[in-house]
Structure formats: C-alpha cells, structure tokens
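Owing to the predicted nature of the structure, the values given are computational and were not obtained by experimental measurement. Just so you know, these numbers use all the heavy atoms, side chains as well, and skip hydrogens, waters and symmetry mates.
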Amino acid sequence: MKKDYHIVLASNSPRRRELLAGLGLHFTVKVLEGIDESYPKETPINEVAIVISKKKASAYKDSLTDDELLITADTIVVVDNDILGKPKDSDDARRMLKLISGRTHQVITGVCLLTNKSMKSFSVTTDVTFRRLADDEIDYYIENYKPFDKAGAYGIQEWIGYVGVTSITGSYFNVMGLPVQRIYTELCEM
C-alpha cells in the first residue's frame, strides 16, 4: 500500500477507530461537529449511505492538506425499504429491534476516500438474519447496552449479536460500521 498520504479518519465511533487500526495503518482522528446528514428524499435507498459519507467528506474538503487522505463513512440498516438510523430513545430502539426480530435485513455502509486530488466512494451491503427475539431479551439488551449510537439499535459485536444473529452474508466488519477489507483494497489501488 502506498504511504503517500497521512490518513485521517473522520469519525467519533470507537468501533471504526478499532477496525481501521486493525489494518495496521497509522492514522489520526478529526471530527467536525454539526455536519448535516440529511439527503434528498428521492435518493435510492442503496445510495443513501454513500450520499451521506460524501456529504461528511465535503465538510472537511477545505481543511485537507495535500498529504492527507480522509476517510468518512455512514452506516444504515434497511428493513422493508425503510431506513433505520440511530434510535432516539429506548422506545425507538425497541421498535427497531422488533422490526429486525425473526427477519433478514441489510446493513449498508457508504465510504468516501477524499484527497485534494481525488474522491472515491463506494458502499458495501451485508445481509443479517436474526432469530425471533423475546421482548425480555430486547429489554435486557437496551437496558444493559444502551444502543443509541448504533444504526438499527444494535451492535453485532455485543450480546444481542451473540444470541440473536443466525446468519450473515457479506462482511461482518461492515455490520460493525466499517468494511475494512474493501477499504484496504481501495487504498492499495490509490
């Protein structure tokens, strides 16, 4: 992999930091507050995460130096063509977990790699199937793990993933929030 750039991860997520570090890359974290993550309503669902990751990247464009490569990402959970973002509260988390209970849903992470000379964006989709979850399991998870910073109200690497996920098709790390294999491949090609 080229070492022409100093990598900057634009994310508050401890999971994304952990995953990127797992690639053995040296990087710094830079976070701008208040970035608008809205998207046009007519955006096809499979492009929403890419649109948001590009929007995040554009907020950093003017502050990038010539030797920096910025990585932004956004993860959404899709059930029945509805996007589940981060839950607002316990009731919203409960609603989301009941929606994915006993079903297969998609986790889509959009990634943008930005330098002063180029922009590369892509998304990775993973299908995740949960067994039917009991109400007391959902309540236990929400009370003990407080999944309010996670799209779809769950972290696959937490208790709910251990007891609930019956199958996964695609990247496990994508479900955690960063498709590191694809990022590694894209960085090698840059």
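- Applying the side-chain hydrogen bond (donor to acceptor under 3.5 Å, both in side chains) rule to pairs touching residues 19-32 yields His6-Thr28, sequence neighbours excluded.
- Under 3.5 Å, the side chains of Thr185 and Glu189 contain no donor-acceptor pair of N or O atoms.
- The backbone N or O of Ser53 lies less than 3.5 Å from a partner atom in the side chain of Thr72, making a donor-acceptor pair.
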Below 3.5 Å, can you tabulate the donor-acceptor pairs from side chains in residues 73-80 to any protein atom, sequence neighbours excluded?
{"from": "Asp74", "atom 1": "OD1", "to": "Lys56", "atom 2": "NZ", "distance (Å)": "3.2"}
{"from": "Thr75", "atom 1": "OG1", "to": "Arg16", "atom 2": "NH2", "distance (Å)": "3.0"}
{"from": "Thr75", "atom 1": "OG1", "to": "Thr109", "atom 2": "OG1", "distance (Å)": "2.9"}
{"from": "Asp80", "atom 1": "OD1", "to": "Arg103", "atom 2": "NH2", "distance (Å)": "2.5"}
{"from": "Asp80", "atom 1": "OD2", "to": "Arg103", "atom 2": "NH1", "distance (Å)": "3.1"}
{"from": "Asp80", "atom 1": "OD2", "to": "Arg103", "atom 2": "NH2", "distance (Å)": "2.8"}

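- Residues Val165 and Leu99 are members of one and the same hydrophobic cluster, defined by side-chain heavy-atom contacts under 4.5 angstrom among Ile, Leu, Val, Met, Phe, Trp and Tyr.
- Other residues sharing the hydrophobic cluster of Ile50, ordered by chain and number and joined by side-chain separations under 4.5 Å: none, the residue standing alone.
- In this structure, the separation between CD1 on Ile52 and CD1 on Ile35 is 11.5 Å, given to the nearest 0.5 Å.
- With sequence neighbours excluded, the residues forming a salt bridge (charged side-chain N to carboxylate O under 4.0 Å, His left out) with Lys55 are Asp36, listed by chain and number.
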Listed pairs under 3.5 Å, donor-acceptor, residues 81-91 side chains, sequence neighbours left out:
{"from": "Asp89", "atom 1": "OD1", "to": "Asp91", "atom 2": "N", "distance (Å)": "3.2"}
{"from": "Asp89", "atom 1": "OD1", "to": "Asp92", "atom 2": "N", "distance (Å)": "2.8"}
{"from": "Asp91", "atom 1": "OD1", "to": "Arg94", "atom 2": "NH1", "distance (Å)": "3.0"}

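- Listed by chain and residue number, nothing satisfies the side-chain hydrogen bond (donor to acceptor under 3.5 Å, both in side chains) test with Arg132 (two or more places apart in sequence, or in another chain).
- No path of Ile, Leu, Val, Met, Phe, Trp and Tyr side chains, each step under 4.5 Å between heavy atoms, connects Val107 with Tyr39, placing them in separate hydrophobic clusters.
- Proximity of Asp136 to Ile138: side-chain heavy atoms (C-beta onward) are nowhere separated by under 4.5 Å.
- Defined by atom type and a distance below 3.5 Å, a donor-acceptor pair is missing between the side-chain atoms of Thr104 and Asp127.
- Ring pair Phe130/Tyr154: centre-to-centre distance below 6.0 Å.
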